[in-house]
Amino acid sequence: MIKRESIASMKESINIVDVVSSYIDLKKYGSGFKAVCPFHDDKNPSLTVSRSKNYYHCFSCGAGGDIFTFVQEIEGISFSEAIESIAERFGFQLEYEDTSSPNYTKEALPTLEKINSWFVDNLFQNREAYLYLQKRGLTNETIKKFQIGYVPSSYEVLSFLQENKISFQDAEEVGVVARDEVSNNYYSRFHERVTFPIFSSSGKVIGFGGRTLSNHPAKYINSPTTQLFNKSKTLYGYNFAKKSIFKERRVHIVEGYLDVIMLQQSGFENSVAPLGTALTKEHLFLLKSDDLKINLAFDGDKAGIEAARRALDITMPLGIETTVTLFDGGVDPADLVANGEITRLRETLNNPQDAIKFYIGRVLSQYNLENPYDKKRAVAESNQLLSKLPTILRDEYSKYLSSKLSVGTAQIRYGDRRIETREREHNKKEFFGHSELAILRAIFDNRELLDVARKELSENDFLNYKELYIDILNGNFESNGLKKLSMIECNTLNRKEFEIEVINHKLKRLSKEWESILKNKGMNFSERTSKLRDIQHSLNFLKKRKASLEKETI
């Protein structure tokens, strides 16, 4: 973990104008700077950057923060990755709490880079490997961009390591070699394979994938889990795709290396793939965004359909807008690109199926709906599906399901809601609770902010972390929950930033309350109007306070 003192020192040493101007054009405006905001479709410069305050803010979309927030948002990376990215760019030496992990990383990354460079050099010396990639439709520019290589025999790998003074133990720690359990001798995990380096979100080589060119039963293999690489938390191609994903608020999740590579080569830069595993919650954390749309673009065979269903089990409880694209005829996205069928590919990707309707359709296709008992079973299984959805979506799709089954919506009861509700709320807490955590962590780090919190926030203002706020109000700073909170890396907020964050949180809660009242059909017009008027008054008041605070901050 990076030392807090080191983070604070970096923030004081590196000015936000230098950071922001390395990504977008800034123009002098009074005592500060202005720019077209990169976080929304901005036609007139609405982003202001203050050198004296080391802070940026957009008066149109509300984006704002310090150097770390800006890099996090524009690159779509984590807080710690943003710190390390800035440090590398500006030559700042970071200090860590635990010296073992940084030392490992410091030694492992150059080792992987050196091995990957050798793999890349080997590709152009192996005609079979190079022709395979050409046959699949990869251009030389794409091969260079993704640093695709070739690994020869195990003997040659071990010889290369010895010649370059890379110990077998170090190579084992990064997943390149392993020990034979019987002979205890080292051997290369990858041999006679085309190699696809796996990059971290910041573009560092952290592992490899390998595609055999022989008849080896394992067509593709990946590096094992190491301190740098965990396939359940890594998406192939994300380092190249993240800017496009952030800009378009949409991501195509496909099945393999070549699908990602060929889609990105064809202009679908917002394409990524899991690495030999099903989509996980950790993958979604990497893609974190409240308004992100996910398109699952898989093969139309049985395995692809099942992979789509498993992915939907992850996305549905979070209420993420998800669509499905299935490629029929035994072809995948890489095949369509290689065959020059770009128009067909584009039309297919731009016309996906609604994921929930797709899932419902797959469930119903298993039953004979003309048979009353089969229909009963179809209703029961469909109920289990709907029970995974947030309330609003569940109600809407129940209407669709009732029309497909020709039954009344009253018969769609969503199954036993107790367990599913707890699980869904737990997922939502993990995925969307960042604002509440930022507020709570700020109070934990600076107890002087507790007076502001007591005045502005009641325990009911916390949807996900009410218990932690109650602990804080009661002065129970040694609770297990708050101890865990103290270990989370996040930005340090000063008083003004904290007050703005509190207002943003209250604005969001009031907006949700507004939506809830509009959807409440049981409320009469007079009562609804009165409540909406009160909320609007509160919204206007908070927005004025926020504008005043931001003016002081900028």
Side-chain angles (χ1 to χ4, degrees), residues 1-9 11 64-66 68-69 72 78-80 82-83 95-98 101 281-282 284-285 288 290 317-318 390 417-513 516 538 541-542 545-546 549 553:
M1 184 180 290
I2 304 168
K3 288 185 177 180
R4 292 185 189 177
E5 296 82 1
S6 185
I7 298 172
S9 177
K11 193 172 179 180
D66 57 17
F68 308 122
T69 310
Q72 268 187 276
S78 68
F79 179 62
S80 58
I83 296 172
E95 296 179 7
Y96 294 81
E97 298 283 358
D98 179 7
S101 177
K281 282 195 298 182
E282 287 78 10
L284 295 182
F285 297 159
K288 54 186 176 294
D290 287 15
L318 299 172
R417 298 289 305 141
R418 292 171 295 177
I419 296 175
E420 289 88 347
T421 298
R422 287 198 298 270
E423 289 177 348
R424 186 172 63 255
E425 290 307 315
H426 175 70
N427 288 336
K428 287 178 67 178
K429 178 186 290 187
E430 288 189 72
F431 201 70
F432 296 116
H434 306 300
S435 174
E436 293 182 12
L437 285 176
I439 292 171
L440 294 170
R441 177 58 185 271
I443 302 171
F444 186 89
D445 290 340
N446 182 0
R447 308 297 163 82
E448 293 179 2
L449 298 177
L450 184 54
D451 291 337
V452 178
R454 288 184 185 278
K455 181 180 177 182
E456 299 289 344
L457 297 169
S458 73
E459 61 186 56
N460 292 326
D461 285 309
F462 289 82
L463 173 65
N464 299 310
Y465 295 97
K466 180 187 289 188
E467 296 84 358
L468 294 185
Y469 188 56
I470 292 174
D471 283 339
I472 285 178
L473 291 178
N474 293 334
N476 185 18
F477 288 94
E478 296 301 316
S479 71
N480 290 332
L482 290 179
K483 285 180 180 178
K484 290 179 181 178
L485 175 69
S486 69
M487 293 186 286
I488 296 175
E489 293 184 4
C490 60
N491 295 357
T492 302
L493 303 178
N494 61 34
R495 188 182 183 91
K496 285 286 190 296
E497 293 167 347
F498 176 75
E499 291 178 0
I500 291 172
E501 187 69 33
V502 168
I503 290 174
N504 284 335
H505 183 71
K506 295 180 75 171
L507 286 170
K508 188 173 182 179
R509 185 181 61 78
L510 286 170
S511 296
K512 288 183 178 180
E513 189 176 336
S516 177
S538 298
F541 175 74
L542 288 170
R545 280 188 56 202
K546 180 181 174 181
L549 286 168
T553 305

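The basis for the numbers below is simple: all heavy atoms, side chains too, and nothing from hydrogens, waters or symmetry mates.
Side-chain contact between N460 and K466 is present, with at least one heavy-atom pair separated by less than 4.5 Å. Proximity of I7 to F68: side-chain heavy atoms (C-beta onward) are separated by under 4.5 Å at one or more points. Looking at L457 and K506, their side chains come closer than 4.5 Å, going by heavy atoms from C-beta outward.
Across every non-hydrogen atom of L542 and I503, the tightest pair is O-CG2, 3.6 Å. Annotation for E456 and D461: closest pair O-OD2, 3.9 Å, computed over non-hydrogen atoms. Residues S538 and L510 approach most closely at CB-CD1, 3.9 Å, considering heavy atoms. Scanning all heavy atoms of the two residues, the minimum distance from I443 to A453 falls at CD1-CB, 3.6 Å. Taking every heavy atom of both residues into account, L449 and A442 meet most closely at CD1-O, 3.7 Å.
Remark: N446 CG to R441 CZ distance equals 12.0 Å, nearest 0.5 Å. To the nearest 0.5 angstrom, I472 atom CD1 is 13.0 Å from Y465 atom OH. The NZ atom of K546 sits 13.5 Å away from the CD atom of E499 when rounded to the nearest 0.5 Å. Distance check, rounded to the nearest 0.5 Å: CG of D66 to NZ of K11 gives 4.0 Å. For the atom pair CZ of R545 and CG of L507, the computed distance is 10.0 Å after rounding to the nearest 0.5 Å. In this structure, NZ in K508 is found 10.0 Å from CG in N504, a value given to the nearest 0.5 Å.
Taking the six-membered ring for Trp and thresholds of 30 and 60 degrees, Y469 and F462 have nearly parallel ring planes, at less than 30 degrees apart.
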